[in-house]
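Just below is one structure, and these are the notes that go with it.
Lettering of chains follows the sequences in order, A, B, ..., and the numbering in each one begins at 1.
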There are 2 protein chains.
Amino acid sequence: MLNAAVRLFNERGYDATSMYDIAVSLGITKSSVYHHIAGKEQLLQMAMDRALDGLFEAAEDVRQQDLPAIERLERLIGRSVLVLAERFEFVTVLLRVRGNTEVEQHALTRRREFDTVVTELVKQAQTEGDVRPDIDPATAARLLLGMVNSLSEWYRPRPGGAAAIATAVSAIAFEGLRL
Amino acid sequence: MLNAAVRLFNERGYDATSMYDIAVSLGITKSSVYHHIAGKEQLLQMAMDRALDGLFEAAEDVRQQDLPAIERLERLIGRSVLVLAERFEFVTVLLRVRGNTEVEQHALTRRREFDTVVTELVKQAQTEGDVRPDIDPATAARLLLGMVNSLSEWYRPRPGGAAAIATAVSAIAFEGLRL
DNA sequence: TTGATTACCGACCGATCGTTCGGTAGGAAA
DNA sequence: TTTCCTACCGAACGATCGGTCGGTAATCAA
């Protein structure tokens, strides 16, 4: 049911998806939907949590590794690509919320926390002399995540596709496009 | 008036912005708004056109330059950053549409055309031996544009800020983050 | 056989939406 | 003065929305 709702959210947008649409896609009526969930916003909440939990899991795994900051950064970026691929529909929902309600604002706060983790890794890698010092760490982090998050707009799940894209992201972000 | 509407679209989302909201922000009534425009969707249309026209102008300018493909690619990416900064609110509106109506779908089609222009530049630069051959051109183009487009989610207009970010994008995308 | 639980439904509610319409005030043109 | 145009308004329209409520059919343990 969450899957059906999230699919519709991504097709038409959260606001443009009615409870009726969700009910029809499940072959039941609108009132039956309310037997299973408390309301529309709960579906949004569950979807966003699923995405955020995946990202913070990756951040925690990487944090525990005893490696230079740039290696941890590269791994976290790679893991983020994989999370985005595995939980594709959920992350897409997350990346679209505007903070209109409290639930959405809480999700935005958690997203910002994740951004901070990446920013700190860039900063540390800079201190360790592995990252070019002429770039603002916060800007670099946002551009990196921008690259990763853009997947939600064009990635279509294919077997093995995620790994290939993770490689491409790593190559461009850390070695550059130019030969 | 277009500016007021677009600002609200970006604050709350297009669907969540009512004609009443727009009217209040202009100090007039809802019915007065309809004296100036045909409907809500026209505002969306105008905003998206403003963004797309800027991008295609940049593409056309770059196309006419007699330079290696990689140089043209780098300039187009840089110009795109500047367009996004100059027409920030309009591009942000554009990047959020989901294709729910015909107007939105037409905008998505134009966006895809722009993607193709970038993809062709990457491909050509690869042929000319200036871009690493191990990356799919379409994927590279999407990642590049993903980086650029992510500005709509965190960039806040500041004097000279756009140029600094264009430099950062260029540095990361073409030379890589690693020293 | 009873009683409780689960899954579901149709009808309805209040609110909000985009849009329309008839009308008015004021300034410019004739 | 009359006529026209522009900008604006209040009231209302039909449609759609998220959500509620009373009730039903089926299942299963006691």
Side-chain angles (χ1 to χ4, degrees), chain A residues 1-51 89-90 92-108, chain B residues 1-51 89-90 92-108:
Chain A
M1 151 131 189
L2 178 59
N3 283 286
V6 165
R7 188 168 305 122
L8 290 173
F9 289 166
N10 289 332
E11 273 175 23
R12 324 178 189 191
Y14 175 74
D15 284 328
T17 302
S18 72
M19 286 290 133
Y20 175 78
D21 294 332
I22 295 172
V24 166
S25 87
L26 291 168
I28 61 178
T29 63
K30 194 172 59 149
S31 43
S32 294
V33 173
Y34 283 89
H35 179 69
H36 300 277
I37 55 141
K40 192 183 182 184
E41 206 166 24
Q42 191 185 99
L43 289 169
L44 184 64
Q45 168 99 269
M46 290 191 294
M48 295 190 303
D49 282 345
R50 188 103 142 216
E89 310 250 35
F90 302 98
T92 301
V93 167
L94 172 69
L95 293 178
R96 281 197 211 292
V97 305
R98 304 290 311 132
N100 261 338
T101 66
E102 277 187 27
V103 169
E104 295 185 14
Q105 274 181 15
H106 181 246
L108 285 187
Chain B
M1 152 127 189
L2 178 59
N3 283 286
V6 165
R7 187 167 307 119
L8 290 173
F9 288 166
N10 289 332
E11 274 175 20
R12 322 177 191 193
Y14 175 74
D15 285 329
T17 302
S18 73
M19 287 290 136
Y20 174 79
D21 294 332
I22 295 171
V24 166
S25 86
L26 291 168
I28 60 179
T29 61
K30 197 171 54 149
S31 43
S32 296
V33 173
Y34 282 89
H35 179 68
H36 300 277
I37 55 141
K40 191 182 183 184
E41 205 167 24
Q42 192 185 99
L43 289 168
L44 184 65
Q45 169 98 268
M46 291 191 294
M48 296 191 301
D49 282 345
R50 188 104 143 217
E89 310 248 36
F90 302 98
T92 302
V93 167
L94 172 70
L95 294 179
R96 281 197 210 293
V97 305
R98 303 292 309 131
N100 260 339
T101 67
E102 278 187 28
V103 170
E104 295 185 13
Q105 273 181 15
H106 180 246
L108 285 187

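- Although no hydrogens or angles enter the test, the distance criterion places a donor-acceptor pair under 3.5 Å between the side chain of A:Thr17 and the main chain of A:Gly13.
- Not a single donor-acceptor pair under 3.5 Å links the side chain of B:Asp15 to the backbone N or O of A:Asp15.
- When atom types are taken as modelled, the side chain of A:Arg7 and the backbone of A:Glu89 share no donor-acceptor pair closer than 3.5 angstrom.
- Between its opening and closing five pairs, the helix from C:dT1-D:dA30 to C:dA30-D:dT1 changes axis direction by 10°, a value rounded to 10 degrees.
- Atoms CG (B:Asp15) and P (D:dG18) sit 11 Å apart, rounded to a whole Å.
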(message) Does the protein touch nucleotides 11-16 of chain C at the base, only the backbone, or not at all? Give it as B, S and - per nucleotide, heavy atoms under 4.0 Å.
(response) ------
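- Taking atom CZ of residue A:Arg12 and atom P of nucleotide D:dT16, one finds them 14 Å apart after rounding to whole Å.
- The CD1 atom of B:Ile28 sits 13 Å away from the C1' atom of D:dT6 (whole-angstrom rounding).
- Rounded to whole Å, the distance from NE2 on B:His35 to C1' on C:dG23 is 14 Å.
- Of the possible polar contacts, one joining the B:Gln105 side chain to the B:Gly99 backbone as a donor-acceptor pair under 3.5 Å is found.
- A cation-pi arrangement, defined by a distance under 6.0 Å to the six-membered ring centre and an angle within 45 degrees of its axis, is present between A:Lys40 and A:Tyr14.
- Judged by distance alone, with hydrogens and angles left aside, the side-chain atoms of B:Gln45 form no donor-acceptor pair with the main-chain N or O of B:Glu41 at under 3.5 Å.
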(request) Could you go through the side chain to side chain contact (heavy atoms under 4.5 Å, CB included) check for B:Val93 and B:Arg50 one step at a time? (result) CA-CA 10 Å; B:Val93 167; B:Arg50 188 104 143 217; over 6 Å; no
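- Checking side-chain atoms of B:Asp49 against main-chain N and O of B:Met46 turns up no donor-acceptor pair under 3.5 Å.
- Note that CG of A:Leu26 and CE of A:Met1 are 6.0 Å apart. Values are rounded to the nearest 0.5 Å.
- What separates CG of A:Leu26 from C1' of C:dC9 is a distance of 15 Å, to the nearest Å.
- At distances below 3.5 Å, not a single donor-acceptor pair connects side-chain atoms of A:Arg12 with backbone N or O atoms of B:Asn100.
- Contacts of residues 36-45 of chain A with DNA chain D (heavy atom under 4.0 Å): A:Gly39, A:Lys40.
- One interatomic measurement links the two molecules: OH of A:Tyr34 to P of D:dT20, which rounds to 7 Å at whole-angstrom precision.
- Listed pair A:Ser32 / C:dC8 fails the phosphate criterion, with no side-chain N or O lying under 4.0 Å from OP1 or OP2.
- A:Met19 places its CE atom 18 Å from the C1' atom of D:dC21, with the value rounded to the nearest Å.
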(message) B:Thr29 vs B:Tyr34, test: side chain to side chain contact (heavy atoms under 4.5 Å, CB included). Steps then yes/no.
(response) CA-CA 9 Å; B:Thr29 61; B:Tyr34 282 89; over 6 Å; no
